[in-house]
There are 2 protein chains.
Amino acid sequence: MARHANVSVGTVSRYLNGIIIRQTKREAIDKAIAALHYNRNAAAKAMRTERTNMVALLVPDYDEFFAEVLASLTRNLADEGQVLLTHKHEGDPKTLAMAMEFFQNHRVNAVVTPGVSEVRTQVEALVEHGIPVVFFNNDVPYLKVDRVFARNRDISRRAVRHLIDLGHRRIGHISGGMRETTAQDRQAGYSDALRDADIPLNPNYIAGASWKRQDAYSAIERLMQLDEPPTAIFTATYVLALAVIDYFREHDIALGKDVSLLSFDDVEIFRQMSPGVTAIAQPTTAIGQAISEIVLGHINGIQRIAPRTVTIDCSIILRQSTRPPRGNG
Amino acid sequence: MARHANVSVGTVSRYLNGIIIRQTKREAIDKAIAALHYNRNAAAKAMRTERTNMVALLVPDYDEFFAEVLASLTRNLADEGQVLLTHKHEGDPKTLAMAMEFFQNHRVNAVVTPGVSEVRTQVEALVEHGIPVVFFNNDVPYLKVDRVFARNRDISRRAVRHLIDLGHRRIGHISGGMRETTAQDRQAGYSDALRDADIPLNPNYIAGASWKRQDAYSAIERLMQLDEPPTAIFTATYVLALAVIDYFREHDIALGKDVSLLSFDDVEIFRQMSPGVTAIAQPTTAIGQAISEIVLGHINGIQRIAPRTVTIDCSIILRQSTRPPRGNG
DNA sequence: TTGAAAGCGCTAACAT
DNA sequence: ATGTTAGCGCTTTCAA
C-alpha cells in the first residue's frame, strides 16, 4: 500500500496518526487508501503500541440500574476516545472468568465490574498485569481495585426510618443474595433503623436472601402468613418489589393502603404504576461519571497507585405506596 | 518466556494451541507460565491468524427488546467460542459510524445491527472487507447483508383486526419514526386491517411518527381532542404506549373500559399493570438464535454468498386493555 | 515431536 | 519532512 503511493511506510503511518506531511504525498496516500480500500489493522497497532483504547464493562444482565450506569459510562468514555465494550455473563462465574481472561488478553485499558468473589483470582491477575479494575455496585474486600458505591447502608436506614415515622412497627425486609455486600448493607441499614427506634429486631420479618423474583414471591408469602404480618415491606431491589406487588394483587391487598412498600432502585415501572412505589434512587449518572473519572485517571497516568473508593449518596423518592398503617391514620 | 522453559517458541505456541507435546516439555512450560504470569497477547495472535472470535453488536440503547435479543445472542455465540461485544450508540450516526470503523479495524467476525441508512457507506465497507453484516429489527434495502426480521406488517394487521373484531371503528395509530421500515411496516399493517374491513382510512387518526415518548404524548393528546376521538389506539412500540397510559391516567380515561390500547412489544410493565396491556410479542429468543445461526454459518464457512433473509412470526398476547368500545358491549 | 526462522502490519528510533 | 529498519508476540512453514 505504501508502494502504491510511492512513499515509505513510515510516512503513511505518520500521516495516519495525524502528523503533518507534504501536500503531494498526502494526496498520493489518500488516493492509495481509496484505491486499495485500505483499512488499518487495529491488532497490529495495539501490539506495537501496547495501548488499545478499550474499556471493558462486565454485567450479569442489563437491568435498569446497569443499563443506566452503562449509558453514562459510554458517553463519558467516548468523549475521551475510549470505546466501552460490554459483556453480559448472566451471573455465571465461569463465563465471567472467561470474559476477564479474554479482556486481559486483549489488553483493555480497564475492566469495570461488580465485585464477584468467585473470580478473585482473575481480578488479581488483571491488577498484576497492570490493568486497573473498578468495582461498582457490589464489593469484594481486600482486592487492590478502585471502587464506586452507593451509600447503601445509610440510605436504607433512612428509608426504613421513613416507614417508622409513618407509624409502622412491624416492618418486613425482603433481602437480596446475602453473599453480596449490596444485600448485606441494605439489610444492615434496615436493622440500624429499627435499633434507632428501639424496635426489637424480629428475625421472622426478614426473608428472601436472593435476587430472584420467585424467591421473593415465596418470601412475601411467608411474611404475610405470619400471625402478625408486617404492615410495611422494604425490598432490597426492584425485582423483589415486583414479586411483592404480584402477591398483593393476587391476594387483594391494597398497595399503600393495606400494606406499605418501599423498594431500593427507582425504576420506570414504579413511576408508572398507581399507586406509585416509594423508592430509593441511585444516581446512576453520577456513578457512571465517577467510574469514568477513575478509569480515565488511570489511562492518563494521573491516578495514584493507592486504590480509591468513591461513595455516592442516594435519595428517597416518595410516592403513594408508603402511608401510615391501617387504624393509625 | 520460551527461554525460561528451555524450549522453542514454536513448541510453546503449539502447546498453547492444544497440540500434543512431550510430557517433560509440557511441565516445563506450565512452570514457566506460572512463574512469569504469562499471558497470551490476543492482538498478536489476531494479527497473525487473521481471526478474532469476536462478534460485534451495535444497539441504540438497551431497551427491553434489544436486551432480550442480546441475551439470546450472547448465549448462542458463547457456545461456539465467540465473544459478543456490545456497543451502544444512542442513535447517533457519528458514534455509530465510529463504532463500525472500530470493529472493522479490529477484524471482528461479524457485525450485528439494526439497519441505519446514515451508515450505508460503513456497512458497504464492512461487506467489502469480508466482514458479514446482519441487520435485525430495522432494514435498509439494497445492501448485501443478511437479515432477520419480525413479520411486522402481518402481525400489525392481525392486531388491528382484533380491535375491529371487538367492534372498534375509530382506531388511532401512534407510529414510530417513519424513516424506519419497522415503523412503516407497522403502519402498513394498520392500514391493511382497515382496508380489509372496509373502514375508510382517516389520516387524522394517524399521529406520532417518532420513537420518542414525549412526541407520543403530544400525539395522543391531539387524537383525543378530535371531535370524534378514537375508541382504540395501536402504538408502534411500548414506549409510545407508556405515553398513552400517562395521558389516560392524567385525564381519567379508563384503560380498556373507555379506550382500548394495543401495543407492539410485550414488556414486563404490560404484564404487571392492571389492567394488563394487550401486546404483540416478538420472539426475541428465536430472533437471537436466527442471528447467531447466520453469524456462525459465516464463521464456519457454510454460509452461501447470497444474503439470506429470515422472517419470524410474532404473536398477540391478549390482556384487559382491549375490550369492545363503550355502548357496544 | 521439535527447533529455527520468516513474516503478519504496524510504530518509532535513527539517519538523512 | 521523509526513508530505512528493527521489532512488538505470535503462528507456521521448513528441516531435522
Side-chain angles (χ1 to χ4, degrees), chain A residues 1-54 81 101-109 125 128-131 299, chain B residues 1-54 81 83 101-109 125 128-131:
Chain A
M1 131 90 173
R3 224 179 30 252
H4 185 287
N6 249 334
V7 294
S8 79
V9 285
T11 309
V12 174
S13 173
R14 279 185 283 265
Y15 173 48
L16 259 28
N17 286 315
I19 289 171
I20 292 168
I21 63 168
R22 198 158 293 155
Q23 174 82 16
T24 51
K25 314 243 170 201
R26 231 193 53 185
E27 282 161 4
I29 293 174
D30 281 338
K31 223 186 294 173
I33 286 176
L36 278 60
H37 299 291
Y38 169 78
N39 183 265
R40 218 173 170 140
N41 185 326
K45 176 171 180 161
M47 182 171 82
R48 188 62 236 247
T49 58
E50 292 279 285
R51 25 187 34 266
T52 55
N53 296 336
M54 300 192 274
E101 198 190 329
F102 176 87
F103 286 122
Q104 182 179 342
N105 290 346
H106 276 273
R107 310 286 191 263
V108 295
N109 286 334
E128 206 152 76
H129 283 268
I131 298 179
I299 293 171
Chain B
M1 131 88 175
R3 224 177 33 250
H4 186 289
N6 248 333
V7 293
S8 80
V9 283
T11 310
V12 174
S13 173
R14 281 186 280 265
Y15 173 47
L16 258 30
N17 287 315
I19 289 171
I20 292 169
I21 62 167
R22 200 156 294 157
Q23 174 83 14
T24 50
K25 313 244 172 199
R26 231 193 54 186
E27 282 162 6
I29 293 174
D30 281 338
K31 225 187 292 178
I33 286 176
L36 276 60
H37 299 292
Y38 168 78
N39 185 263
R40 217 175 173 141
N41 185 328
K45 176 172 180 159
M47 181 171 83
R48 192 58 235 251
T49 58
E50 293 277 288
R51 23 186 37 264
T52 56
N53 295 338
M54 299 191 275
V83 176
E101 199 189 329
F102 176 88
F103 286 121
Q104 182 178 342
N105 290 347
H106 275 275
R107 309 287 193 264
V108 295
N109 286 333
E128 205 151 77
H129 282 270
I131 298 179

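Small disclaimer: the values here were computed from a predicted structure and weren't measured. The sequence lines fix the lettering, A, B, ..., with proteins before strands; numbering per chain opens at 1.
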Please figure out whether B:A44 or B:K25 has its closest DNA chain C nucleotide nearer the 5' end. B:K25
Roughly how many Å is it from CG in A:N105 to C1' in D:dC10, rounded to a whole number? 12 Å
For A:N39 and for B:T24, find the nucleotide of DNA chain C with the closest heavy atom, then tell me which residue's nucleotide is more 5'. B:T24
Has the side chain of A:S13 got a donor or acceptor atom that lies under 3.5 Å from a matching backbone atom of A:V9? no
Any base atoms under 4.0 Å from A:S13, or only sugar-phosphate, or nothing? Heavy atoms, all strands. base
Using every non-hydrogen atom in the two residues, find where A:N53 and A:N109 come nearest and quote the distance to one decimal. N-ND2, 3.2 Å
Reckon A:K45 has a side-chain N or O less than 4.0 Å from the OP1 or OP2 of D:dC8? no
Give the rounded distance in Å between these two atoms: CZ of A:R51 and C1' of C:dA12. 14 Å
Taking C:dT11, D:dG3, C:dG9 as options, the one with an atom nearest any side-chain atom of A:R40 is C:dT11
Return no unless some side-chain N or O of A:T11 is found under 4.0 Å from OP1 or OP2 of D:dG3. yes
Please report the closest heavy-atom contact between A:M47 and B:A43, naming both atoms and the distance. N-CB, 4.2 Å
If you compare all heavy atoms of A:Q104 against all heavy atoms of A:I131, which two are closest, and at what distance to 0.1 Å? CA-CD1, 3.9 Å
Between CG of A:N41 and P of C:dC8 the distance, given in whole Å, is 12 Å
So, is A:N17 near the phosphate of C:dT11, with a side-chain N or O under 4.0 Å from OP1 or OP2? yes
Distance check needed: C:dG9 P versus B:H106 NE2, whole Å only. 16 Å
Rounding to a whole Å, what distance do you find between A:Y15:OH and C:dT11:C1'? 18 Å
How close do A:R40 and A:N17 get, counting heavy atoms only, and between which atoms? NH2-OD1, 2.6 Å
Is a donor-acceptor pair below 3.5 Å formed from side chain A:R14 to base D:dG3, judging by atom type as modelled? yes
So A:V9, base contact, sugar-phosphate only, or nothing? Heavy-atom distance under 4.0 Å. base
Length of the CZ-P vector between A:R107 and D:dC8, whole Å: 14 Å
D:dT12 phosphate, OP1 or OP2, under 4.0 Å from B:R48 side-chain N/O: no
Please report, rounded to the nearest Å, how far the C1' atom of C:dA4 is from the CG atom of B:N6. 15 Å
For DNA chain D, whose closest nucleotide is more 5', that of A:I19 or that of B:V12? A:I19
Name the nucleic acid region contacted by A:Y38, choosing base, sugar-phosphate or nothing; use a 4.0 angstrom heavy-atom cut-off, strictly under. sugar-phosphate
Which whole-number value in Å describes the distance from B:L16 CG to D:dC10 P? 8 Å
Using the side-chain heavy atoms of A:R22, tell me which of these nucleotides is nearest: C:dT2, D:dT2, D:dC10. D:dT2
Just one of B:H129, B:E101, B:R107 clears the side-chain hydrogen bond (donor to acceptor under 3.5 Å, both in side chains) bar with A:N39, so which one? B:R107
